[in-house]
Q: 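Questions regarding the structure given below will be posed in turn.
All residue numbers refer to positions in the sequence shown, counting from 1. All values reported here derive from a predicted model rather than from experimental measurement.
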Amino acid sequence: QVQLVESGGGLVQPGGALRLSCAASGSIFRFYAMGWYRQAPGKQRELVSRITSVGSTNYGDSVKGRFIITRENAKNTVYLQMNSLKLEDTAVYYCNINNGVSHWGQGTQVTVSS
């Protein structure tokens with residue numbers, strides 16, 4: 001059974017930075033793409049960034065140039081470095097892996113506020 005556990009969220013001022021981590025259980029991690037999604041109150045969940053099993057990445061338009069996704073297969077972990085945070089980045093951030101079945105973590109709250 002796949003389990004994903006996010007961490008690293010918190011309260012940060014505009015312009016600040018946070019690094020999110022997502023640790024995955026099981027041995028399937030390195031074979032699949034991983035994604036970070038976010039959902040703000042009253043909005044649909046949206047893709048933030050995705051990284052393939054071989055390290056190719058893509059980003060949502062709103063975070064390009066500010067966020068960086070990386071993965072460390074030896075630790076079954078994917079990271080999201082978030083820089084130059086804006087008020088509109090406030091959301092619950094979720095980690096995802098899809099091995100034919102979509103698996104989600106519990107989410108971690110990121111709040112950008114002055």
Side-chain angles (χ1 to χ4, degrees):
Q1 183 169 346
V2 177
Q3 288 188 320
L4 302 172
V5 179
E6 302 100 335
S7 61
L11 174 64
V12 63
Q13 291 186 338
L18 284 174
R19 189 175 83 152
L20 305 183
S21 300
C22 172
S25 64
S27 59
I28 70 167
F29 176 83
R30 65 186 182 275
F31 298 117
Y32 295 95
M34 299 289 297
W36 282 101
Y37 291 74
R38 68 186 181 187
Q39 188 166 18
K43 295 189 176 181
Q44 289 189 329
R45 192 170 296 189
E46 64 174 355
L47 174 68
V48 176
S49 184
R50 186 174 178 271
I51 185 166
T52 69
S53 60
V54 295
S56 297
T57 60
N58 65 287
Y59 297 90
D61 288 341
S62 62
V63 306
K64 282 180 182 176
R66 299 188 297 122
F67 291 10
I68 302 171
I69 189 171
T70 57
R71 65 189 296 160
E72 191 170 358
N73 288 340
K75 294 186 176 181
N76 280 7
T77 301
V78 62
Y79 304 97
L80 185 68
Q81 177 66 43
M82 306 187 295
N83 302 318
S84 302
L85 282 161
K86 303 177 180 180
L87 297 175
E88 54 264 39
D89 294 318
T90 295
V92 179
Y93 285 70
Y94 297 91
C95 180
N96 174 270
I97 187 171
N98 191 321
N99 62 342
V101 175
S102 191
H103 301 274
W104 297 90
Q106 82 287 352
T108 185
Q109 176 71 46
V110 171
T111 302
V112 184
S113 175
S114 55

Q: Please report the shortest heavy-atom distance between Leu4 and Ala24, naming the atom on each side.
A: CD2-CB, 3.5 Å

Q: Any pair with a residue in residues 62-71 that passes side-chain hydrogen bond (donor to acceptor under 3.5 Å, both in side chains), sequence neighbours left out, goes on the list, sorted by first then second residue, please.
A: Arg38-Ser62, Asp61-Lys64, Arg66-Asp89, Arg71-Asn73

Q: Tell me who clusters with Val54, hydrophobic residues only, linked when side chains sit under 4.5 Å apart either directly or through other members.
A: none

Q: Any ring-ring contact (aromatic ring centres under 6.0 Å, His included) involving residues 5-43? Give me the pairs, sequence neighbours left out, ordered by first then second residue.
A: Tyr37-Trp104

Q: If we count only N and O atoms by modelled type, under 3.5 Å, do the side chains of Glu72 and Tyr79 hold a donor and an acceptor together?
A: yes

Q: Under the side-chain contact (heavy atoms from CB on, under 4.5 Å) test, which residues partner Ser114, sequence neighbours left out?
A: Pro14

Q: The criterion is side-chain contact (heavy atoms from CB on, under 4.5 Å); which residues satisfy it with Thr57, sequence neighbours excluded?
A: Ile51, Tyr59, Ile69

Q: Going only through I, L, V, M, F, W and Y residues with side-chain contacts under 4.5 Å, is there a path from Ile68 to Met34?
A: yes

Q: Decide if atom CD of Gln44 counts as having more than 12 heavy atoms of other residues, nucleotides or ligands within a radius under 6.0 Å.
A: no

Q: Check Leu11 against Ser113 and note the closest heavy-atom contact, atom names and distance.
A: CD1-CB, 4.0 Å

Q: Closest heavy-atom contact between Ser25 and Val2?
A: OG-C, 3.7 Å

Q: Grab the two heavy atoms, one from Leu85 and one from Met82, that are nearest each other, plus how far apart they are.
A: CD2-CB, 3.8 Å

Q: By the disulfide (SG to SG under 2.5 Å) test, which pairs, at least two apart or in different chains, include something from residues 71-114?
A: Cys22-Cys95

